[in-house]
There are 2 protein chains.
Amino acid sequence: MEITEILNQIYALPAASCRKLQEKITEASFPKGKILLRARRVEKTVYFIRKGIVRAYAHQNDHEITFWFGQEGEAVISMNSYIQNKAGYEDIELLENCDLYCLRSEDLHRLYAEDIHIANWGRKFAERELLRTEARLISRQFSTASERYQELLRDHPDLLQRVQLGHIASYLGITQVSLSRIRSALPSSPHQEITG
Amino acid sequence: MEITEILNQIYALPAASCRKLQEKITEASFPKGKILLRARRVEKTVYFIRKGIVRAYAHQNDHEITFWFGQEGEAVISMNSYIQNKAGYEDIELLENCDLYCLRSEDLHRLYAEDIHIANWGRKFAERELLRTEARLISRQFSTASERYQELLRDHPDLLQRVQLGHIASYLGITQVSLSRIRSALPSSPHQEITG
DNA sequence: TTCATTTTTTATCATTTGTAAAAAAAAATC
DNA sequence: GATTTTTTTTTACAAATGATAAAAAATGAA
């Protein structure tokens, strides 16, 4: 996915402002398994995914909890670092080889202060993430684990193909065993053979 | 809580920009029980709470689920209306008599387009809500119901005094019965008499 | 106060989810 | 293709939560 498309689907920028932003953006590729952002650090870079898929996770007691997946077109940031310039709580791991766009947070914030279109782009960027996060919180509050799994299957079928179920279970807030039970209870569970 | 304090704690505005914003803000008072914002409507107004407490809830099957409380200094908005000019999913009810500041969403968006400081104020406003929402999502993912109750007790003890437990239970994502059990299991449950 | 209403707690039983361990299946490596 | 490793499913039992109903407590109104 091209960077202009990624930027403009957040908020349509005038050409001049878009150019100013693009001037600050570089590209990089990293292999599957790389930890792109680390917890307890102030991360200085904002990434956009050109190709690939990543997960954000944090540690609870001795195990990892995955709380976000990012795919093509999405921004990869440490919320605390980007918003408050503070250390974050998330590790972000590449689940596939990834092509990324890189933007220094410092450059972005300078543009926010200089260019009203980019400031409004930044507002829309935060608002979009806010809507998504609130949707997930509400889904969490309103739906059972089984319903949440089915929503994920409906809204992001690709995710189920690209990410192992242990991560999906963690993301849904249940154990892998529980997810496995939920899957086997569904009428058309994907791993079921149709005998005939 | 005064409006200048509310506005400037989101993002410190230059005096001129702050004045421009304040010019568009009016005050209003409503009684306990009033439904301030309604689901399935495009709400045109953003409120800030000068005094009082409110809850946002939505309907799931036949019962209400409370998913947000707002207190002094906080903004009361329909996310969908404010961000996308679309109908919202939440009803917002006043839990006490409230004094509110009112700002037409249309006026605010016009100022976003005109004034870079206000645009950045709007960015910070969304970013603050985003951090809070993500914190709640993660709390949800990482903590048991009992732990979430204790976090609430620690971080917002006032809320427990001002809001009935049925709403709190709903907010925590459990039934009132379950919350009651959790409370009675805690060592220093607030309703326990000390006999001596 | 007294009565009526609302809110909270308690009790019982069913369901869901978690934990731990093992089996099965799939993927990766040689 | 065979072996090793990882991932997923299954099983058995424990713990947490939900649903329902009833009792107790708190609140509000006359």
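Order of the sequence lines fixes the chain letters, A, B, ..., with proteins taken first and strands second; residue numbering starts at 1 for each chain.
Distance B:Ile174 CD1 to C:dT9 C1': 14 Å, rounded to the nearest Å. Following rounding to the nearest Å, A:Ile168 (CD1) and D:dT7 (P) show an atom-to-atom distance of 14 Å. Following rounding to the nearest Å, A:Gln161 (CD) and C:dA27 (C1') show an atom-to-atom distance of 16 Å. At whole-Å resolution of the value, CG in A:Leu186 and C1' in D:dT8 are 16 Å apart. One atom, CG of A:Leu165, and another, C1' of C:dA26, lie 12 Å apart when rounded to the nearest Å. Taking atom CZ of residue A:Arg183 and atom P of nucleotide C:dT17, one finds them 16 Å apart after rounding to whole Å. Atom CG in B:Leu179 sits roughly 10 Å away from atom C1' in C:dT8 (whole-Å rounding). Atom CD in A:Glu96 sits about 15 Å away from atom P in C:dA27, given to the nearest Å.
Residues B:Lys32 and B:Ile182 each lie close to DNA chain D; by heavy-atom proximity, the contact nearer the 5' end of the strand is made by B:Ile182.
In this structure, A:Phe30 and A:Tyr47 have perpendicular ring planes: the angle between them is above 60°, well past the 30° mark.
Of all nucleotides listed (C:dT10, C:dT17, C:dA21), C:dT10 comes nearest to the side chain of B:Ser184. Among the nucleotides D:dT20, C:dG18, D:dT8, the one closest to any side-chain atom of B:Val177 is D:dT20. Of the candidate nucleotides C:dG18, C:dT8, D:dT17, C:dG18 has the atom lying nearest to any side-chain atom of A:Arg181. In this structure, the nucleotide among C:dT17, D:dT17, D:dA19 sitting nearest to the side chain of B:Ser178 is D:dT17. Here C:dT9 is the nucleotide among D:dT17, D:dT9, C:dT9 with the atom lying nearest to any side-chain atom of B:Gln176.
Checked against the 6.0 Å centroid criterion, the rings of A:His59 and B:Phe142 do not qualify as a close aromatic pair. For B:Phe125 and B:Tyr112, the ring centers sit 6.0 Å or farther from each other.
Among A:Phe69, A:Trp68, A:Phe67, A:Tyr57, the single residue meeting the ring-ring contact (aromatic ring centres under 6.0 Å, His included) criterion with A:Tyr171 is A:Phe69.
In terms of heavy-atom proximity, A:Ala39 sits nearest to A:Asp91 at N-OD1, 3.0 Å.
The side chain of A:Thr175 places an N or O atom within less than 4.0 Å of a non-bridging phosphate oxygen (OP1 or OP2) of C:dG18.
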